There are 2 protein chains.
Amino acid sequence: MKKNNKLSVQFRVWFFVNGEKLLGKGRVELLERIQDTGSITNAAKCMNMSYRQAWQMVSEMNKYSERPLVEKQLGGKNGGGAILTEAGRNAIVIFKKLDAKIATFISEEIKKINL
Amino acid sequence: MKKNNKLSVQFRVWFFVNGEKLLGKGRVELLERIQDTGSITNAAKCMNMSYRQAWQMVSEMNKYSERPLVEKQLGGKNGGGAILTEAGRNAIVIFKKLDAKIATFISEEIKKINL
DNA sequence: TTGCGGTATGTTTAATAAAGCATAGTGATG
DNA sequence: CATCACTATGCTTTATTAAACATACCGCAA
C-alpha cells in the first residue's frame, strides 16, 4: 500500500442508548424530512423508503430516547401528521455537528497518512 | 434528549479505493488472524466465518489494493497457506491507528455534548 | 503415487432483511 | 355522519445476503 492515489476514507457514527440504536445518518435524515414535510408518510416518500420502515424507525427513536423526538397526531383536518419535538430538533443538530467534526478530523488525519 | 445517562457513540471507518471497499474493521481483523494462523482457513475458523467469505474478502483486498496485502501459497508441505505482505502488515497498522485516533477524538467530543 | 491440508470457485440452500399489501383506527371538517 | 389523509400494525411476498455443500487443483513428503 504505497501511493494509492485514489484512496478515500468513509465513516459512520451512531448514537446508542442502553445498547439500542437511537440515531444514525439515515434516521437523522428521516427526522429532517419529517420536519420538512409534516408527516411520516411524506418523509418516507421523498426518501424512497416504505412507510412501514419509516414508522418503525420513528417508533424506535421515540422508544429509546429519554424524551420523544417525534410527536404524532392521529386524525384531524389532514388526517394527522408528525412534527419534531424540541428534543428531536436538538438531536439533529447534535448529531450533525458531531458528524461534521469527525469528518473534518478524519480529513486532517488522512493527510498524514503516506500510502 | 436531556440527561440521557446511558448514551454511547459508536463509529465505523472504511478505506476505499476508487469507490471500492478496501478495508474495514472486519477485514483488518481477518488480516490479523491470517497473520496469526498462517492460513485463510484457520483465520476464518477462529472468526467463525465461512472460508468462502474470508477468501472473497482477501481476494477483494488484493484486487483493489495497489499492492497485494496477502500472499497465498498453493500446495506444499502443509497444503499451502497465506501470509501477509509488508503492505498487509502496514495496512493493519495504519487502519488501527486511525481507528484509535477517531475513538479518542469522539470520546473527547461527547464530553462536550450535554444531553 | 497417494494422502494431506490448504487454495479456488461454482452451485445450492438457508437465514435475514426489506418491501409490499391489506386493513383498521383517528378526528377535524364539510 | 361521511370523507379524507394520515397513523398503526399484522401478514405475505420478495430481495438481498450469508452459509453450506461439492469439487477441482496444488505440491510436498512419506
Side-chain angles (χ1 to χ4, degrees), chain A residues 12 14 16 19-65 67-85 87-88, chain B residues 12 14 19-21 23-65 67-85 87-88:
Chain A
R12 279 267 187 161
W14 297 274
F16 286 79
E20 299 285 351
K21 185 163 80 170
L22 177 63
L23 276 185
K25 191 184 173 73
R27 290 184 178 190
V28 168
E29 192 186 335
L30 179 61
L31 290 180
E32 290 181 306
R33 298 291 150 269
I34 290 171
Q35 191 168 39
D36 293 347
T37 64
S39 78
I40 297 175
T41 296
N42 287 327
K45 268 177 197 157
C46 62
M47 285 183 72
N48 214 31
M49 174 189 290
S50 68
Y51 168 79
R52 189 184 175 72
Q53 182 172 53
W55 178 88
Q56 280 172 335
M57 281 182 174
V58 169
S59 174
E60 291 219 325
M61 284 191 262
N62 281 347
K63 183 174 172 188
Y64 297 123
S65 176
R67 290 156 52 191
L69 306 184
V70 177
E71 206 162 72
K72 289 169 283 183
Q73 196 187 350
L74 283 188
K77 185 161 88 172
N78 296 314
I83 60 170
L84 296 198
T85 62
Chain B
R12 279 268 188 162
W14 297 273
E20 300 284 352
K21 186 163 80 171
L23 277 185
K25 192 183 171 72
R27 290 184 178 189
V28 167
E29 192 185 335
L30 179 61
L31 290 179
E32 289 182 307
R33 296 292 152 269
I34 290 171
Q35 190 168 39
D36 293 346
T37 64
S39 78
I40 296 176
T41 296
N42 287 327
K45 266 176 198 158
C46 59
M47 285 183 72
N48 214 31
M49 174 190 293
S50 68
Y51 168 78
R52 189 183 176 72
Q53 182 172 56
W55 179 87
Q56 280 171 336
M57 282 181 173
V58 169
S59 175
E60 292 220 325
M61 285 191 263
N62 280 348
K63 182 175 173 189
Y64 296 122
S65 176
R67 291 156 51 191
L69 305 185
V70 176
E71 207 163 71
K72 290 169 282 185
Q73 195 187 349
L74 283 188
K77 184 162 87 170
N78 296 315
I83 59 170
L84 295 199
T85 63

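Since the model is a prediction, treat every value here as computed from it, not as a measurement.
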message: Under 4.0 Å, heavy atoms only, any strand: does B:Thr41 hit a base, just the sugar-phosphate, or nothing?
response: base
statement: Given protein heavy atoms under 4.0 Å, the one-letter contact record of nucleotides 18-30 of chain D, with B base, S sugar-phosphate only and - none, is simply -SB-----BBSS-
- prompt: So how far is it from B:Met61 CE to B:Ile34 CD1, rounded to the nearest 0.5 Å?
  reply: 6.0 Å
field: Separation between CZ of B:Arg33 and CE of B:Met49, rounded to the nearest 0.5 Å
entry: 10.5 Å
- prompt: Please give, in whole Å, the distance from D:dT7 C1' to A:Met57 CE?
  reply: 17 Å
Runs of at least three consecutive pairs that involve DNA chain D, where pairs are Watson-Crick or G-U with distances under 3.5 Å: C:1-30 with D:1-30
query: Is there side-chain contact between A:Val70 and A:Leu84, with at least one heavy-atom pair below 4.5 Å?
result: yes
- line: Taken to the nearest 0.5 Å, the spacing of B:Met47 CE from B:Ile40 CD1 works out to 12.5 Å
- request: For salt bridge (Lys or Arg N to Asp or Glu O under 4.0 Å), just list the numbers for A:Arg27 and A:Glu60, CA-CA rounded to whole Å, side-chain angles, deciding distance to a tenth of an Å, and then say yes or no.
  value: CA-CA 10 Å; A:Arg27 290 184 178 190; A:Glu60 291 219 325; 3.0 Å; yes
field: Side-chain heavy-atom pair B:Arg52, B:Gln56 within 4.5 angstrom cut-off
entry: yes
message: Tell me the interatomic distance from A:Glu71, atom CD, to D:dT7, atom C1', rounded to whole angstroms.
response: 14 Å
message: Does any part of the side chain of A:Trp14, heavy atoms only, come nearer than 4.5 Å to the side chain of B:Arg12, both counted from C-beta?
response: yes
task: Take atom CD of A:Glu71 as the centre, draw a 6.0 Å sphere, and report whether it contains more than 12 heavy atoms from other residues, nucleotides or ligands.
output: no
task: Name the first nucleotide and the last nucleotide along DNA chain C (5' to 3') that come under 4.0 Å of a heavy atom in chain A.
output: C:dA19 to C:dT29
- prompt: How many angstroms lie between NZ in A:Lys72 and CG in A:Asn62, if you round to the nearest 0.5 Å?
  reply: 5.5 Å
- line: To the nearest 0.5 Å, atom CG of B:Leu69 lies from atom CG of B:Leu30 at 10.5 Å
